[in-house]
Chemist: 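Quick one: structure below, then a few questions.
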Protein chains: 2
Amino acid sequence: MRFDQPPPEPLASATGFLLSWNGQRMAHLFARALAPLGLRPPHFGLLTLIDAEPGRTQQELVASSMIDPSSMVANLDELEQLGLAERRQNPADRRKHAVHLTRRGASTLAKARKVAVGLAADALSPLDDAERETLRLLLRKLAGIED
Amino acid sequence: MRFDQPPPEPLASATGFLLSWNGQRMAHLFARALAPLGLRPPHFGLLTLIDAEPGRTQQELVASSMIDPSSMVANLDELEQLGLAERRQNPADRRKHAVHLTRRGASTLAKARKVAVGLAADALSPLDDAERETLRLLLRKLAGIED
DNA sequence: TATTGTTATACTCTATAACTATA
DNA sequence: TATAGTTATAGAGTATAACAATA
């Protein structure tokens with residue numbers, strides 16, 4: 001898909017289509033902005049979740065993320081290979097792995113956050129601050145988040 | 001990706017992430033709603049564009065859509081196999097194909113539109129009418145559409 | 001030599017389900 | 001018998017670039 005020009009009418013009149021278009025465009029831009037760090041968007045989400053509550057098991061991460069179990073394995077494998085996260089053994093139950101960030105993982109996450117903030121500022125530039133906040137609140141409500 | 005629960009904090013605080021999440025969720029739901037008609041989302045977009053201006057060449061459709069040339073061929077092949085669209089020869093330039101809907105294509109498009117309208121009503125149900133219109137206008141502005 | 005359309009191919013991403021180990 | 005994690009595999013979807021035909 002190409003996102004180099006505004007979407008064509010009459011599709012661009014429908015809210016559902018606009019939502020898909022803007023969302024997929026944002027995902028696309030984010031993937032590209034993250035690539036120089038060697039990360040893909042799910043990596044960023046996972047690093048963020050591990051950082052928010054270190055030591056969770058993979059299943060707990062599956063439950064609180066959008067990633068299914070087999071993709072979780074693959075993504076954590078990649079983060080380990082990059083030296084950004086590690087699985088630690090739980091002595092009480094050797095089936096369970098506690099997932100932590102490495103020091104390098106924490107610093108890479110900080111860099112990635114800067115990339116994300118910069119991209120958002122750029123991609124949302126057609127809107128002023130008040131409009132951005134209105135959009136954010138509408139999207140939270142739409143996503144089913146209670147405030 | 002799973003979209004069966006609201007996205008996790010702290011990701012769900014960022015407008016960019018919310019945009020991706022809602023957009024991909026909508027695309028996902030739309031793909032599923034369209035499947036019983038034997039269509040995928042690009043088919044719907046293409047049928048809509050052909051209907052809006054019948055007789056365009058494939059290149060013109062490429063230029064005014066988000067679909068790249070080789071995917072355009074594949075998508076039109078599929079629409080022809082389904083009996084929904086047809087390539088007509090241009091006598092003046094035999095390289096160019098004029099793309100039209102068949103009668104069946106027009107009626108399938110009408111059905112698909114109903115599906116799309118129903119899905120949008122459903123997926124946007126957390127918002128009231130005024131909020132939906134605000135969202136629509138913000139998304140148009142964000143997409144770079146001048147009003 | 002440029003344009004229109006097509007084909008072939010390779011790649012990313014993900015989902016499904018089967019499998020291993022521990023409990 | 002149930003749970004945590006893993007592996008293997010197949011499938012959808014898309015992008016890249018080479019190719020054929022017509023102009």
Side-chain angles (χ1 to χ4, degrees), chain A residues 1-4 20-21 23-25 27-32 34-35 38-46 50 55-81 85-100, chain B residues 1-4 20-21 23-25 27-32 34-35 38-46 50 55-81 85-100:
Chain A
M1 290 283 190
R2 294 154 39 225
F3 294 98
D4 48 318
S20 295
W21 189 88
Q24 297 192 264
R25 173 165 184 272
H28 201 75
L29 292 174
F30 188 47
R32 219 173 51 187
L34 227 42
L39 300 178
R40 286 179 294 106
H43 296 146
F44 178 78
L46 210 37
I50 298 168
R56 277 190 280 198
T57 65
Q58 297 185 197
Q59 285 225 345
E60 286 167 345
L61 288 170
V62 165
S64 67
S65 74
M66 318 151 53
I67 302 175
D68 64 285
S70 75
S71 302
M72 182 60 74
V73 172
N75 278 289
L76 286 176
D77 284 351
E78 287 157 5
L79 290 181
E80 277 201 324
Q81 278 161 27
E86 58 185 9
R87 294 165 164 108
R88 295 188 196 155
Q89 269 208 1
N90 179 339
D93 184 340
R94 290 197 322 214
R95 291 173 307 181
K96 296 185 180 178
H97 300 165
V99 181
H100 291 264
Chain B
M1 291 283 190
R2 295 152 40 224
F3 294 98
D4 48 318
S20 296
W21 189 87
Q24 297 191 265
R25 175 166 182 270
H28 202 75
L29 292 174
F30 188 48
R32 220 172 52 186
L34 227 42
L39 301 178
R40 286 179 294 105
H43 296 145
F44 177 78
L46 209 39
I50 298 168
R56 277 191 278 198
T57 65
Q58 298 186 196
Q59 285 227 342
E60 286 166 345
L61 287 171
V62 164
S64 67
S65 73
M66 314 150 58
I67 302 175
D68 63 284
S70 76
S71 301
M72 181 62 72
V73 172
N75 278 290
L76 286 175
D77 284 352
E78 287 157 5
L79 290 181
E80 279 201 324
Q81 278 161 28
E86 58 185 9
R87 294 166 164 107
R88 294 187 196 156
Q89 271 210 359
N90 179 340
D93 184 341
R94 291 196 320 209
R95 292 173 307 181
K96 297 184 181 179
H97 299 163
V99 181
H100 291 263

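Note on naming: letters A, B, ... go to the chains in the order of the sequence lines (proteins, then strands), and numbering restarts at 1 for each one.
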Chemist: Measure the distance from CZ on B:R88 to P on C:dG5 and round it to the nearest whole Å.
Modeler: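 Distance check: B:R88 CZ to C:dG5 P gives 15 Å.
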
Chemist: Which atom pair, heavy atoms only, marks the closest approach of B:A27 to A:S20?
Modeler: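 Minimum heavy-atom contact is N-OG, 3.6 Å.
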
Chemist: Rounded to whole Å, how long is the line connecting atom CD of A:E78 with atom P of C:dT12?
Modeler: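 Checked: the CD to P distance equals 11 Å.
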
Chemist: Round to the nearest Å and state the distance from B:Q89 atom CD to D:dA21 atom C1'.
Modeler: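 Result: 12 Å.
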
Chemist: Please state how far atom CD in B:E80 lies from atom C1' in C:dT6, giving the value in whole angstrom units.
Modeler: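 Those two atoms, CD and C1', are 13 Å apart.
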
Chemist: In terms of ring plane angle, is the pair A:F30 and A:F44 parallel, tilted or perpendicular, where the classes change at 30° and 60°?
Modeler: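 Perpendicular: the ring planes of A:F30 and A:F44 meet at over 60°.
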
Chemist: Can you build the contact string for nucleotides 16-23 of chain C? Use B for base contact, S for sugar-phosphate-only contact, and - for no protein heavy atom under 4.0 Å.
Modeler: BB----BS

Chemist: Using heavy atoms to find the nearest nucleotide of DNA chain D for A:V73 and A:M1 separately, return the residue whose nucleotide is more 5′.
Modeler: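 First, find each residue's nearest nucleotide; the 5'-ward one identifies A:V73.
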
Chemist: Round to a whole Å and report the spacing from NZ of A:K96 to P of D:dG5.
Modeler: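 In whole Å, D:dG5 P and A:K96 NZ are 8 Å from each other.
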
Chemist: Hey, which sits more toward the 5' end of DNA chain D by its nearest nucleotide, A:H28 or A:T57?
Modeler: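 In this pair, the answer is A:T57.
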
Chemist: For the atom pair CG (A:D77) and OG (A:S71), what is the distance rounded to the nearest 0.5 Å?
Modeler: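 Here the rounded value is 11.5 Å.
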
Chemist: Looking across every strand, which nucleic acid part, if any, lies under 4.0 Å from B:R2 by heavy atom: base, sugar-phosphate, or nothing?
Modeler: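 B:R2: no heavy atom of the nucleic acid under 4.0 Å.
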
Chemist: For B:R87 and C:dT4, is the shortest distance between a side-chain N/O and OP1 or OP2 below 4.0 Å?
Modeler: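 So the side-chain polar atoms of B:R87 never come under 4.0 Å of the phosphate oxygens OP1 or OP2 of C:dT4.
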
Chemist: Check A:E80 against A:R87 and note the closest heavy-atom contact, atom names and distance.
Modeler: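 Where A:E80 meets A:R87 most closely, the heavy atoms are OE2-N, 2.8 Å.
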
Chemist: In whole angstroms, how far is the C1' atom of C:dT4 from the CG atom of B:L76?
Modeler: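 Roughly 13 Å, once rounded to whole Å.
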
Chemist: How close do B:R56 and B:S64 get, heavy atom to heavy atom, and via which atoms?
Modeler: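 Smallest heavy-atom distance, with atoms named: NH1-OG, 3.3 Å.
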
Chemist: Between atom CD in B:Q24 and atom C1' in D:dG13, what is the gap in whole Å?
Modeler: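 Distance check: B:Q24 CD to D:dG13 C1' gives 14 Å.
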
Chemist: Could you state the NE2-P distance from A:H43 to C:dC13, rounded to the nearest angstrom?
Modeler: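 These atoms are roughly 9 Å apart.
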
Chemist: Please report the shortest heavy-atom distance between B:D68 and B:V62, naming the atom on each side.
Modeler: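 That would be C-CG2, 4.3 Å.
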
Chemist: Is there a side-chain polar atom (N or O) of B:R40 under 4.0 Å from OP1 or OP2 of D:dG13?
Modeler: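 Checking D:dG13 against B:R40, a side-chain N or O does come within under 4.0 Å of OP1 or OP2.
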
Chemist: In degrees, rounded to 10°, what is the bend between the two ends of the helix from C:dT1-D:dA23 to C:dA23-D:dT1, using five pairs at each?
Modeler: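 Axis-to-axis angle, ends of the helix: 20°.
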
Chemist: Under 4.0 Å from any atom of DNA chain C, heavy atoms only: list the residues of residues 58-67 of chain A that qualify, in numerical order.
Modeler: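 Close to the strand, none.
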
Chemist: To check you understand the geometry: which heavy-atom pair defines the closest contact between A:M1 and B:P42, and what is its length?
Modeler: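 Scanning both residues, the minimum pair turns out to be CE-CG, 4.2 Å.
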
Chemist: Kindly indicate whether the side chain of A:T57, heavy atoms from C-beta on, has any atom under 4.5 Å from the side chain of A:R95.
Modeler: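 No. Closest side-chain heavy atoms not under 4.5 Å.
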
Chemist: Please check if the side chain of B:R2 supplies one atom and the backbone of A:S65 the other of a donor-acceptor pair under 3.5 Å.
Modeler: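 Here the side-chain-to-backbone pair exists.
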
Chemist: Can you give me the closest heavy-atom contact between A:I50 and A:A85, atom names plus distance?
Modeler: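 A:I50 and A:A85 have their closest heavy atoms at CD1-CB, 4.4 Å.
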
Chemist: Taking the side chain from A:Q58 and the backbone from A:M72, do they hold a donor-acceptor pair closer than 3.5 Å?
Modeler: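 No, the answer is negative, given that no donor and acceptor are paired below the 3.5 Å cut-off.
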
Chemist: Heavy atoms, side chains only, cut-off 4.5 Å: are A:I67 and A:L61 in contact?
Modeler: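 Answer no - side chains too far apart.
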
